[in-house]
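Here the structure is laid out as structure tokens; the discussion comes afterwards.
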Protein chains: 2
Amino acid sequence: MSARGSSPTIVDVAREAGVSIKTVSRVLNHEPGVHESTREQVLKVVEALRYRPKQSARSLAGGRSFLIGLLYYDPSAIFVGSVQQGATLRCRELGYHLVVESLHNDAPDLRQQIDRMVLALRPDGMILTPPLCDNPEVLAALRESGTPCVLMSPERDIRGVPSVRMDDVHAAEELTSLLIKLGHERIAFIKGPPDQSASAARYQGFVSAMRAHGLEPDLELVQPGDFSFASGRDAAQQLLSGPKPPTAVFASNDDMALGVLAAAHRLGLNVPAELSVVGFDDSPTAALVWPPLTTVRQPVAEMARTAVEMLVQGHRAEVPADDADLHKVLAHELIVRDSTRAR
Amino acid sequence: MSARGSSPTIVDVAREAGVSIKTVSRVLNHEPGVHESTREQVLKVVEALRYRPKQSARSLAGGRSFLIGLLYYDPSAIFVGSVQQGATLRCRELGYHLVVESLHNDAPDLRQQIDRMVLALRPDGMILTPPLCDNPEVLAALRESGTPCVLMSPERDIRGVPSVRMDDVHAAEELTSLLIKLGHERIAFIKGPPDQSASAARYQGFVSAMRAHGLEPDLELVQPGDFSFASGRDAAQQLLSGPKPPTAVFASNDDMALGVLAAAHRLGLNVPAELSVVGFDDSPTAALVWPPLTTVRQPVAEMARTAVEMLVQGHRAEVPADDADLHKVLAHELIVRDSTRAR
DNA sequence: CTGAAAGCGCTTACAG
DNA sequence: CTGAAAGCGCTTACAG
């Protein structure tokens, strides 16, 4: 009876419950205007038969696929785990499913790959993570196909295109204030790559917190970086072997902070006794190194949940949301571990 | 024309090409018995109209969903990135799509969650990663629904159920041989948790390589662990503060190896000058710590590709494959970095 | 080598 | 509050 291909259909349920298939459909889709006793009777049969409507049939007839797409390009795979955790959970609660596609941001046939997915599957919405959410080609392909999108942490918001993000400026301010409260004044900063807006935002937060505490950032202690381990290590090497080394280093992301740790180690500097280090992102590695990194956790899973909700609700919305509701900012979390200490 | 809902159907293609929809269907599905010129004509129109058959219609009519499911429970998210990279790529090449679901291995409603996915989506196959691929409840639910599965790195192979894995014993032998060739003889080993078969396999490889080189493992240098950072750190603390400390430590996975690094650091031991350390897995972190870890890379993406292939080909197979073909073993890769040195 | 018909399992509009 | 009919866009048998 549970063999492949012989599962019950809506007709079976209708017959068993003594109603029409339309009424079964109404109950399953939570449509109003069904007598309570009828609803209960139908639900009972649905349960007994373990009936589940088939996505392909619903999709073909109703024009909704109950599929949410997730497009990503994440070689380091730091982001994608949490994104999916949040997205699949929320999808499940809402009766949707998540289809993922790993793309190369600079693939020559990117357009066709997206078309293939969109035209074949007709997902009801698409979640885009960096750097794909900032790729004009990707955005154009999706817009032309009429697929609703939500951008996760895009470089900058686009008018009319929903997005969800955290507040990098504010988080950087908090991290900086933490160091200042620990007594640090000579705080070095290692920047991210200039083509990513998070880099500027984090730097801005650093500067503003310094000034709020009456400190002027020493430009000699501000080094460029590119979010890689190596760039963090090299910047720290430079910083720490200078004449007036900093007592704390703010690296714009965890990978660079790990580089700082490596450089300090090589120079025989004890962290956190002689040098405090903070990162940004709360990467899986951040908790595993010695000492564990003080950092900021992006609410990645929550952002993904929110993205799913926006997509599903957007479908139902009569009136398009105004631009303020379109761009959501979620709360981050300061993670204080052992790489920071009072001086 | 590319607005939502107005995309071309098979009828449009047939009309434009001057053939029946059945012929269009034949061309699209690579069925034999179509005149070459007819085929070309149809393909030309398909291209011109940017036509893509709708998954929901194909699925409803044909009984195949062109969907492959991926069930995983991976809190550390180390595995899932590579799995998806490999799986989505191969799916794309074969005209399939990947639907993922993040499950809790011990969720009370695990059965219902799986049923929901299977009955709604009817995936043509399912990929299971550890620890779900070893969960009897999961396996039973899938078997009853008649969904073909491939297990990735299961504890042990199950007769008749396809699987794909690497050779842990052999990899551990290679790692051990590497240390021995570097001149190490007092090699410590930190085991994994006894309930995971990889633990036993890696230990077995260690012992067999030692003996192959005429060395008998010193049981005082064999410590229990549970694959966590903390257990590796504690085991190393024990090992390294003993009267006759080892000159090398083989940790059964990278997380524990990172723990060893932390312990060594704390004790003021220089790695690799005074102590060589090897891990297992080539986790993202392994390359980012100082010194970068010598380890073994599991061919995760390749295993995922293979799993997709087995699922898709299984569908086509006339005769069920014999048990040898059902259980594939893929080649691993030794990654030699800076945490190992000749003594 | 090609096509006309039936049907997959639902939802949509339309009635009552 | 409930139902009979049509149709979504394909593939499967079945013919010729």
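Protein chains get the first letters and strands the later ones, always in sequence-line order, with residue 1 at the start of each. Hydrogens, waters and symmetry mates play no part in the numbers below; they use all other heavy atoms, side chains included. Computed from a predicted structure; not experimentally measured.
Atoms CG (A:L28) and P (D:dT2) sit 15 Å apart, rounded to a whole Å. One interatomic measurement links the two molecules: CD1 of B:I10 to P of D:dT12, which rounds to 11 Å at whole-angstrom precision. If you take CG of A:L119 and P of D:dG9, they are 13 Å apart, rounded to a whole angstrom. D:dT11 atom C1' lies 16 Å from atom NZ of B:K54, rounded to whole Å. Separating the CZ atom of A:R15 from the P atom of C:dG9 is a distance of 12 Å, rounded to the nearest angstrom. Residue A:L60 contributes atom CG, which lies 17 Å from atom P of C:dG7 at whole-angstrom precision. Taking atom CZ on A:R64 and atom P on C:dT11, their separation rounds to 10 Å, with Å as the unit. One can place CG of B:D12 at 13 Å from C1' of D:dC8, the figure rounded to the nearest angstrom.
Each of D:dG9, C:dT11, C:dT2 was ranked by its minimum atom distance to the side chain of B:A61; first place goes to D:dG9. In the set C:dT11, D:dC1, C:dC1, D:dC1 carries the atom at the smallest distance from any side-chain atom of A:H35.
Figure legend. C:dA13 is base-paired to no nucleotide; pairs are counted as Watson-Crick or G-U wobble with both atom distances under 3.5 Å. In a base pair of the Watson-Crick type (N1 to N3 plus N6-O4 or O6-N4) or a G-U wobble (N1-O2 and O6-N3), with each distance short of 3.5 Å, D:dA4 is matched with no nucleotide.
Using modelled atom types and a 3.5 Å distance limit, the side chains of B:E101 and A:T88 yield no donor-acceptor pair. Between the side chains of A:S7 and B:R122, at least one donor N or O lies within less than 3.5 Å of an accepting N or O.
Using a cutoff of 4.0 Å between basic side-chain nitrogens and carboxylate oxygens, B:K328 and B:E309 are not scored as salt-bridged. We find that A:E16 and A:K44 are not joined by a salt bridge, their nearest charged nitrogen and carboxylate oxygen being 4.0 Å or further apart. Using a 4.0 Å cut-off between charged side-chain N and carboxylate O, B:R165 and B:D157 make a salt bridge. Taking 4.0 Å as the cut-off between side-chain N and carboxylate O, B:D115 and A:R50 count as a salt-bridged pair.
Along DNA chain C, the nucleotide nearest to A:P53 and the one nearest to B:P32 differ in position, and the one closer to the 5' end is contacted by B:P32.
Summarising the geometry of B:V150 relative to B:M310, their closest heavy-atom pair is CG2-CB, 4.0 Å, with the distance given to 0.1 Å.
Looking at heavy-atom distances under 4.0 Å, B:T38 makes contact with sugar-phosphate atoms alone, never a base.
Taking a 4.0 Å limit (strictly below) on heavy-atom distances, residues 17-27 of chain B reaches DNA chain C at B:V19, B:S20, B:K22, B:T23, B:R26.
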